A.B. asks: 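The following block contains the structure, expressed as structure tokens.
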Amino acid sequence: MNPLEPALENLFERLNVYNFLISYIDKRLTNLKNDIERRAGESEKIGVEDLMHGTSLIITDLSVPTDDGWLYQYPTGNLDVEGEDYLQMLDEFIGREAERVVAQGYEAFETYLYDVTARFCDAKSEQSIVDHFKGNLSKAPDRDLEAWKKAVRGVYRRKPNSDLVDLIRNLGQDLEKAEVHTNNRGLDLVRWYQITGEVRHAVTHSEGVILSKVIEGLDRKEIRVLRKK
């Protein structure tokens with residue numbers, strides 16, 4: 001078996017789980033929305049305008065209890081929706097879950113990059129590769145696959161992922177051509193990866209909103225790539 005295959009299989013397994021979950025949630029919540037609308041339309045006692053849901057988030061002061069032993073609790077606010085907003089919140093939930101799937105897929109691919117690099121290095125173990133990871137890599141004979149995984153993460157964990165991709169390009173012959181020119185869909189995989197990283201950052205740090213300065217730095221083709229997400 002190709003020593004790189006397990007890393008790819010693990011990536012596919014994770015992506016299939018994410019794909020199933022978002023499809024399942026979309027289907028179930030769409031059916032729920034349709035069912036609610038149907039029942040509200042058929043009922044003489046309740047309509048869509050009567051639907052409502054509300055929550056309030058309460059936090060507890062973990063420092064000290066009160067003199068009688070009860071904990072201090074504080075309301076942080078609440079969110080209430082009614083009528084059509086109740087139904088629209090189902091669409092909002094599906095949309096946010098789809099955003100998280102992109103972010104999770106990005107993280108899964110990042111793990112794949114680490115693992116496939118480690119597996120390649122373990123299979124080759126050339127001196128030039130060993131020297132590259134010097135200081136993070138165990139000495140022979142303790143230099144197994146797990147040692148390579150730790151070494152790759154030790155060197156690249158806090159660096160931009162582009163640095164690790166550059167290493168993979170140097171290790172893999174003609175990979176750069178496939179990224180941009182010779183894949184059968186004519187996709188610029190380099191830009192796809194970079195834009196997916198921007199989506200992941202927006203989902204994680206800014207409520208799914210991509211910064212305007214990022215948008216302004218994209219050309220028309222890249223904007224089309226972003227909209228496909």
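Along the sequence shown, the residues carry numbers beginning at 1. Just so we're clear, the structure is a prediction, and the values are computed from it rather than from any experiment.
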A.B. asks: Is it true that Leu29 and Ile36 fall in one hydrophobic cluster, defined by side-chain heavy atoms closer than 4.5 Å?
C.D. replies: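 In one cluster with Leu29: Ile36, yes.
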A.B. asks: Within 45° of the six-membered ring axis of Tyr156 and under 6.0 Å from that ring's centre, is NZ or CZ of Lys159 located there?
C.D. replies: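 Positive - Lys159 is close enough to the ring of Tyr156 and near enough to its axis.
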A.B. asks: Looking at Asp91 and Lys33, what are the two nearest heavy atoms and their distance?
C.D. replies: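 Heavy atoms of Asp91 and Lys33 come nearest at OD2-NZ, 2.7 Å.
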A.B. asks: Determine, step by step, whether Glu5 and Asn10 satisfy the side chain to side chain contact (heavy atoms under 4.5 Å, CB included) criterion, reporting the C-alpha distance in whole Å, the side-chain angles of both residues, the deciding distance to 0.1 Å, and the verdict.
C.D. replies: CA-CA 9 Å; Glu5 189 173 328; Asn10 182 60; over 6 Å; no
A.B. asks: Apply salt bridge (charged side-chain N to carboxylate O under 4.0 Å, His left out) to residues Arg39 and Asp35 and explain how you reach the verdict.
C.D. replies: CA-CA 6 Å; Arg39 292 187 179 189; Asp35 190 48; 3.3 Å; yes
A.B. asks: Under the 3.5 angstrom rule, does the side chain of Ser125 hit a backbone N or O of Asp122 as a donor-acceptor pair?
C.D. replies: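 Flag set: sc Ser125 to bb Asp122 pair under 3.5 Å.
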A.B. asks: State, to 0.1 Å, how close Cys121 and Leu171 come at their nearest heavy-atom pair, and which atoms those are.
C.D. replies: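 Looking at all heavy atoms of both residues, the closest pair is SG-CD1, 4.5 Å.
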A.B. asks: Ignoring hydrogens and angles, tell me if any N or O in the side chain of Asp26 forms a donor-acceptor pair with the backbone of Ile22 under 3.5 Å.
C.D. replies: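 Such a contact is absent between Asp26 side chain and Ile22 backbone.
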A.B. asks: Can a donor-acceptor pair be found, under 3.5 Å and without considering hydrogens, that links the side chain of Asp50 to the backbone of Gly47?
C.D. replies: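 Side chain of Asp50 to backbone of Gly47: a pair is present.
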A.B. asks: Could you tell me whether Glu146 and Lys150 have a side-chain N and a carboxylate O separated by less than 4.0 Å?
C.D. replies: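 No, no charged N to carboxylate O under 4.0 Å.
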A.B. asks: Under 3.5 Å, side chain of Arg143 to main-chain N/O of Ser138, donor-acceptor pair present?
C.D. replies: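 Yes, Arg143 side chain to Ser138 backbone: donor-acceptor pair under 3.5 Å.
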A.B. asks: Between Trp148 and Phe133, does the ring-ring contact (aromatic ring centres under 6.0 Å, His included) criterion hold? Intermediate values first, please.
C.D. replies: CA-CA 9 Å; Trp148 277 108; Phe133 290 96; 5.7 Å; yes
A.B. asks: Pick out which of Tyr18, Trp192, Tyr193 makes a ring pair (Phe, Tyr, Trp, His ring centres under 6.0 Å) with Tyr106.
C.D. replies: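 The ring pair (Phe, Tyr, Trp, His ring centres under 6.0 Å) with Tyr106 is passed solely by Tyr193 among Tyr18, Trp192, Tyr193.
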A.B. asks: Could you please spell out the steps behind the salt bridge (charged side-chain N to carboxylate O under 4.0 Å, His left out) verdict for Glu92 and Arg96?
C.D. replies: CA-CA 6 Å; Glu92 174 74 12; Arg96 289 191 175 233; 2.7 Å; yes
A.B. asks: Checking the side chain of Ser43 only, and the main-chain atoms of Lys45 only, is there a donor and an acceptor separated by less than 3.5 Å?
C.D. replies: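 Pair found, side chain donor or acceptor close to backbone of Lys45.
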A.B. asks: Can we call the ring centroids of Phe109 and Tyr112 under 6.0 Å apart?
C.D. replies: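 Yes, the ring of Phe109 comes within the 6.0 Å limit of the ring of Tyr112, centre to centre.
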A.B. asks: Is the number of heavy atoms from other residues, nucleotides or ligands within 6.0 Å of CZ (Arg38) greater than 12?
C.D. replies: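 Count over threshold, so yes.
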A.B. asks: Which heavy-atom pair separates His53 from Tyr86 by the least distance, and what is that distance?
C.D. replies: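 Heavy atoms of His53 and Tyr86 come nearest at CB-CE1, 3.7 Å.
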A.B. asks: Using the rule that Ile, Leu, Val, Met, Phe, Trp and Tyr join whenever any side-chain heavy atoms are under 4.5 Å apart, tell me whether Leu145 and Leu4 fall into a single cluster.
C.D. replies: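 Result: no, two separate clusters.
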A.B. asks: Carefully, step by step, assess Leu167 and His132 under the rule side chain to side chain contact (heavy atoms under 4.5 Å, CB included).
C.D. replies: CA-CA 10 Å; Leu167 172 67; His132 181 80; 4.1 Å; yes
A.B. asks: How are the rings of His201 and His205 set relative to one another: parallel (under 30°), tilted (30 to 60°) or perpendicular (over 60°)?
C.D. replies: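 Rings of His201 and His205: tilted, as their planes differ by 30° to 60°.
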A.B. asks: Is there a continuous path of hydrophobic side-chain contacts, each under 4.5 Å between heavy atoms, that joins Leu113 to Ile129?
C.D. replies: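 Yes: a chain of side-chain contacts under 4.5 Å links Leu113 to Ile129.
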A.B. asks: Using a 6.0 Å cut-off, check whether atom OH of Tyr74 has over 12 heavy atoms from anything other than its own residue.
C.D. replies: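 More than 12 within 6.0 Å, yes.
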A.B. asks: Looking at Glu207, I'd like to know if its CD atom is crowded, meaning that more than 12 non-hydrogen atoms belonging to other residues, nucleotides or ligands lie closer than 6.0 Å.
C.D. replies: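 Counting other residues, nucleotides and ligands, CD of Glu207 stays at 12 neighbours or fewer.
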A.B. asks: Hey, is the main chain of Gly77 close enough, under 3.5 Å, to the side chain of Ser56 for a donor-acceptor pair?
C.D. replies: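 Flag set: sc Ser56 to bb Gly77 pair under 3.5 Å.
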A.B. asks: Run the side chain to side chain contact (heavy atoms under 4.5 Å, CB included) check on Leu87 and Glu37 step by step: do they pass?
C.D. replies: CA-CA 9 Å; Leu87 296 176; Glu37 291 177 321; 3.5 Å; yes
A.B. asks: Are Val130 and Ile168 linked, directly or through intermediate hydrophobic residues, by side-chain heavy-atom contacts shorter than 4.5 Å (ILVMFWY only)?
C.D. replies: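 Same cluster: Ile168 reaches Val130 through Ile, Leu, Val, Met, Phe, Trp or Tyr contacts under 4.5 Å.
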A.B. asks: Under the criterion side chain to side chain contact (heavy atoms under 4.5 Å, CB included), I'd like the reasoning laid out for Asn78 against Thr55: C-alpha separation, chi angles, the key distance, then a yes or no.
C.D. replies: CA-CA 6 Å; Asn78 64 285; Thr55 59; over 6 Å; no
A.B. asks: Transitively linked via ILVMFWY side-chain contacts under 4.5 Å: Tyr72 with Ile59?
C.D. replies: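 They do share one cluster, since a chain of ILVMFWY contacts under 4.5 Å joins Tyr72 to Ile59.
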A.B. asks: Please check this pair: side chain of Thr76 against backbone of Leu57, looking for a donor-acceptor N/O pair closer than 3.5 Å.
C.D. replies: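 Such a contact is found between Thr76 side chain and Leu57 backbone.
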A.B. asks: Heavy atoms only: give me the nearest Asp144-Ala147 pair and the separation to one decimal.
C.D. replies: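 Closest approach of Asp144 to Ala147: OD1-N, 2.9 Å.
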A.B. asks: I would like to know whether Lys134 and Asp131 meet salt bridge (charged side-chain N to carboxylate O under 4.0 Å, His left out); could you show each step before the answer?
C.D. replies: CA-CA 5 Å; Lys134 187 177 181 180; Asp131 292 342; over 6 Å; no
A.B. asks: Salt bridge check, Asp115 against Arg153: does any charged N sit closer than 4.0 Å to a carboxylate O?
C.D. replies: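 A salt bridge is present here (some side-chain N lies under 4.0 Å from a carboxylate O).
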A.B. asks: Regarding Gln73 and Asp61, is there a side-chain donor-to-acceptor distance under 3.5 Å anywhere?
C.D. replies: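 Absent: no donor and acceptor within the cut-off.
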